[in-house]
K.L.:
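Dumping the structure here so I can ask a few things about it.
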Protein chains: 2
Amino acid sequence: MSGPVITALETHDVRFPTSRELDGSDAMNPDPDYSAAYVVLRTTGTVDGHGFAFTIGRGNEVQTTAIRALAPYVVGRGLDDLGVLYKDMVNDSQLRWLGPEKGVMHMAISAVVNALWDLKAKLEGKPLWLLLGEMSPEEIVSLVDFRYLTDALTPDEALRILQEAEPGRAARIAALKVDGYPAYTTSPGWLGYDDDKLRRLCKEAIEAGFTQIKLKVGADLEDDRRRMRIAREVCGPGFRIAVDANQRWDVGSAIRWVNELREFDPYWVEEPTSPDDVLGHATIARALAPVKVATGEHVQNRMIFKQMLQAGSMSVVQLDAARVGGVNENIAILLLAAKFGVPVCPHAGGVGLCELVQHLAMFDYVAVSGTMRDRVIEYVDHLHEHFADPVVIVNGRYQAPLAPGFSAAMLPESIADHLYPDGPVWRDEVAGASVATVTELPGREGAA
Amino acid sequence: MSGPVITALETHDVRFPTSRELDGSDAMNPDPDYSAAYVVLRTTGTVDGHGFAFTIGRGNEVQTTAIRALAPYVVGRGLDDLGVLYKDMVNDSQLRWLGPEKGVMHMAISAVVNALWDLKAKLEGKPLWLLLGEMSPEEIVSLVDFRYLTDALTPDEALRILQEAEPGRAARIAALKVDGYPAYTTSPGWLGYDDDKLRRLCKEAIEAGFTQIKLKVGADLEDDRRRMRIAREVCGPGFRIAVDANQRWDVGSAIRWVNELREFDPYWVEEPTSPDDVLGHATIARALAPVKVATGEHVQNRMIFKQMLQAGSMSVVQLDAARVGGVNENIAILLLAAKFGVPVCPHAGGVGLCELVQHLAMFDYVAVSGTMRDRVIEYVDHLHEHFADPVVIVNGRYQAPLAPGFSAAMLPESIADHLYPDGPVWRDEVAGASVATVTELPGREGAA
């Protein structure tokens, strides 16, 4: 074993009181408090690894408890083989019962795996996208767990995909350093905004160089038609306007609702129904074509992505950096998307997700798909000020991060301020709320 | 609101050191410590509600933390409408991010929902199967969350299924009280047993009146062929012998492996691959017919069951009492199975799962499917001595439980003895293990 050894795994329950504003409100998540179950890996060396699972408030303490359960799998170990470390966590004979490979325990693995990659990239002195983008095809394949994938993608096929993309790597790395990677913005489209704010934010998005925007839909059809009409008026014909239902509909209602929006030319419909419903998404995709179906931020693991690609359920793969098993499983998902020829447009927003996914999209461009065609990274302008190496958007494009690591580290003072329930941002509200809860709950039941 | 109000939610981390024996070993779970993240709901009345999520050891503390996160949803509330209470927990706008409806957070909901039903059945003075079996079709439909189901099952269709089964209810209740419900046994088939023990346990199973047994397979093909040959010799032609791979295979290897066992006439193959793989199970089912495909114990929610039924992925629905959202979601799954005409043979074993699922199978017989044809409840003879109202098996059949409640309550002394890490069963081992962990971990990495 070369290099430093991990000596401790620390967690922090960090929550931002975003529900006090209407930023981030959608049809299923009306009042999110964007939160991070944050993990720091301490080492015998001078650098630490940082990672997190993203949640939207309540239950963030469950997520931090799950991350702590992984301490025995990393403490005492080095960073020589993150493929082995990842597979040891995912395949632990007892922990896997809590998923397997889904939900809280899998998101915890994601946080720890990403922290390991943050640490490794810092030790190598490279941003993660470049570290991965310079690995050999064989090294990259060794990071993936092909269990349950081989009916759709074998290790040999994965190797060939990576080998075919090898020739242009240097040119693409250079291009990223100059021009970055295209983004789209969700900022105009939250449900809580009035029409004037929507109109103003659409204009600002175009002026800022974005070539796609996204509107939240699904709460009220007439509202959605009015908002889509306004956005189309401001953005003009041909401009890509995606809509996002955040899992609000059943299969039949998804088809009916989006048909009512067709005259405004939606580019994709995102999360029309349950993220678990492979067959339902396929039915919706057939009924709504040429409107694309996009999903992925809540897709739990590579097995569901595999099936959605096999069944034609998705035309856009929206991988999330911190829900599946971290960097390693996302490499599997990038390879599956390349195999099926479907573009990857990562999910971002929340807190810190933009910072993470830019590395995955740029790695995809360098070493996997080799193209940016029809690919954009989501951008939401929330909470970047809390990160040590925040994303930089210029003319609607993510600039390639150059600092070593995975851009995952939050500023120490941001962590301290937002600790739940004892940090200064929460202390008074939590103390008040417990009194309110006690007096309010019997009333709630009585009213039902 | 009538009746008592819930005043507190308590949790206990209860673990049985079953890995010290080879009972319970299979191809994916070689060393389970059967555990319960146990919950007690205290009330203003004289009875309490008991429930639990089943885990196999490590991570049980994550599961208890998740259950505690649900306290605000039940404390201060009564039991008038368990449909509303269930939907409030499942659809909480922040907690659902941790699933949605899968993994640790969903299993926590299961534990609490089941404890609510235990409490309600005790208050009504009836065993749960009878309480549910005497409800009106309309009441039963109101307990189900039809979100994401309506492309396969609407509330009206569910109502018709229940109404059609109404006429024979009284006769079936009487039949259950006399004859019980058929069981099959997994006890002969654990991987750790030698051939003589397998032979002896097969004989004992037949002598005890069971008409089906199950063998664990998937670790070594030659071993499996030898064990199947022995079991078939002892049980004779036509006797139902199921095999269970516990998710060990990819799609292709499942088909190849089971084809090698065909000469021994396996009745069903259980969990051939990932429980998330709807399309993979469908491919396996087509290739292996007439050998049936059974799965469900790790199927996360009604959406995956729905798709498996739509796609022809399963010929046997093995619902689990404590993984999906408890009684309410299992009613949805029973209705889906009835709609598609697929028999339900519940998963059991572990700790306390036999106690719970017998109620669901008996309710299905009384009020949903109305038949026992090709239906059996799994039986494993582990750990029943720790329950206040343990299952009773006579001549290979579960006897209908008659005590009020859901048979979920563990004996107080069993809970106290097995508390982790401070109960008497664990105290010394845990103290020893922490020393071993510290000295062992660098060595493990050094050897890799």
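Chain letters run A, B, ... following the sequence lines, proteins first, then strands; residues in each count from 1. Since we're looking at a predicted model, the values are computed, not measured. All values below come from the heavy atoms of this structure, side chains included, with hydrogens, waters and symmetry mates left out.
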K.L.:
So which of B:Ser35, B:Ser274, B:Ala69 has the largest heavy-atom pair count under 4.5 angstrom toward chain A?
P.N.:
B:Ser274

K.L.:
To the nearest 0.5 angstrom, please state how far the CG atom of B:Asp276 sits from the CG atom of A:Asp276.
P.N.:
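That separation rounds to 8.5 Å.
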
K.L.:
Just so I understand: if I count every heavy-atom pair under 4.5 Å between each of A:Ala311, A:Ala53, A:Gly59 and chain B, which residue has the most?
P.N.:
A:Gly59

K.L.:
Side chain, backbone, both or neither: which part of A:Leu149 has a non-hydrogen atom closer than 4.5 Å to chain B?
P.N.:
backbone

K.L.:
Given side chains that start at C-beta, do those of B:Asp250 and A:Asp151 come closer than 4.5 Å, heavy atoms only?
P.N.:
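Not in contact.
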
K.L.:
Sort B:Arg302 into side chain, backbone, both or neither according to what part of it lies under 4.5 angstrom from a heavy atom of chain A.
P.N.:
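It is neither, since no heavy atom gets under 4.5 Å.
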
K.L.:
On the ring face of B:Trp249, is A:Arg147 found with NZ or CZ under 6.0 Å from the centre and within 45° of the axis?
P.N.:
no

K.L.:
Is it the backbone or the side chain of A:Ile304 that comes under 4.5 Å from a heavy atom of chain B, or both, or neither?
P.N.:
side chain

K.L.:
Counting heavy-atom pairs under 4.5 Å with chain B, which one of A:Asn91, A:Thr64, A:Thr150 comes out on top?
P.N.:
A:Thr150

K.L.:
Taking all heavy atoms of A:Gln94 and all of B:Arg58, pick out the closest pair and write down the distance.
P.N.:
OE1-N, 2.8 Å

K.L.:
Quick one: what part of A:Pro275 sits under 4.5 Å from any heavy atom of chain B, side chain, backbone, both or neither?
P.N.:
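The side chain, not the backbone.
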
K.L.:
Tell me, out of B:Pro100, B:Ala66, B:Gly57, B:Gly99, who's got the most heavy-atom pairs with chain A below 4.5 Å.
P.N.:
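That would be B:Pro100.
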
K.L.:
Name the option with the most non-hydrogen atom pairs under 4.5 Å to chain B; the candidates are A:Arg96, A:Met105, A:Glu101, A:Arg68.
P.N.:
A:Arg96

K.L.:
Is B:Phe146 close to chain A through its backbone or its side chain, or both, or neither, when contacts mean heavy atoms under 4.5 Å?
P.N.:
backbone

K.L.:
In terms of heavy-atom proximity below 4.5 Å to chain B, should A:Arg323 be classed as side chain, backbone, both, or neither?
P.N.:
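Only the side chain of A:Arg323 comes within 4.5 Å of chain B.
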
K.L.:
Go through B:Val62, B:Leu70, B:Val251, B:Asp92 and name the one with the most non-hydrogen pairs under 4.5 angstrom from chain A.
P.N.:
B:Val62

K.L.:
Looking at A:Ile56, A:Val104, A:Thr65, which has the largest count of heavy-atom pairs under 4.5 Å with chain B?
P.N.:
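Looking at each option in turn, the highest pair count goes to A:Ile56.
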
K.L.:
In terms of heavy-atom proximity below 4.5 Å to chain B, should A:Asp277 be classed as side chain, backbone, both, or neither?
P.N.:
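For A:Asp277, heavy atoms of backbone and side chain both lie under 4.5 Å from chain B.
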
K.L.:
Tell me, for A:Gln63 versus chain B, whether the close heavy atoms (under 4.5 Å) come from the side chain, the backbone, both or neither.
P.N.:
side chain

K.L.:
What distance separates B:Met303 CE from A:Thr273 OG1, expressed to the nearest 0.5 Å?
P.N.:
8.0 Å

K.L.:
Determine the option with the most heavy-atom pairs under 4.5 angstrom with chain A, choosing from B:Glu61, B:His106, B:His298, B:Met107.
P.N.:
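The answer is B:His298.
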
K.L.:
At a 4.5 Å cut-off on heavy atoms, which part of A:Gln247 comes close to chain B: side chain, backbone, both, or neither?
P.N.:
both

K.L.:
Under 4.5 Å heavy-atom distance to chain B, tell me which part of A:Val278 shows up: side chain, backbone, both or neither.
P.N.:
both

K.L.:
Which bit of A:Asp33 comes within less than 4.5 Å of chain B, counting heavy atoms only: side chain, backbone, both or neither?
P.N.:
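Both backbone and side chain.
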
K.L.:
Looking at B:Leu279, is its backbone amide N or carbonyl O close enough to the side chain of A:Gln310 to form a donor-acceptor pair, meaning the two atoms are under 3.5 Å apart?
P.N.:
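No.
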
K.L.:
For the residue pair B:His347 and A:Trp97, does the interplanar ring angle fall in the parallel (under 30°), tilted (30 to 60°) or perpendicular (over 60°) class?
P.N.:
tilted

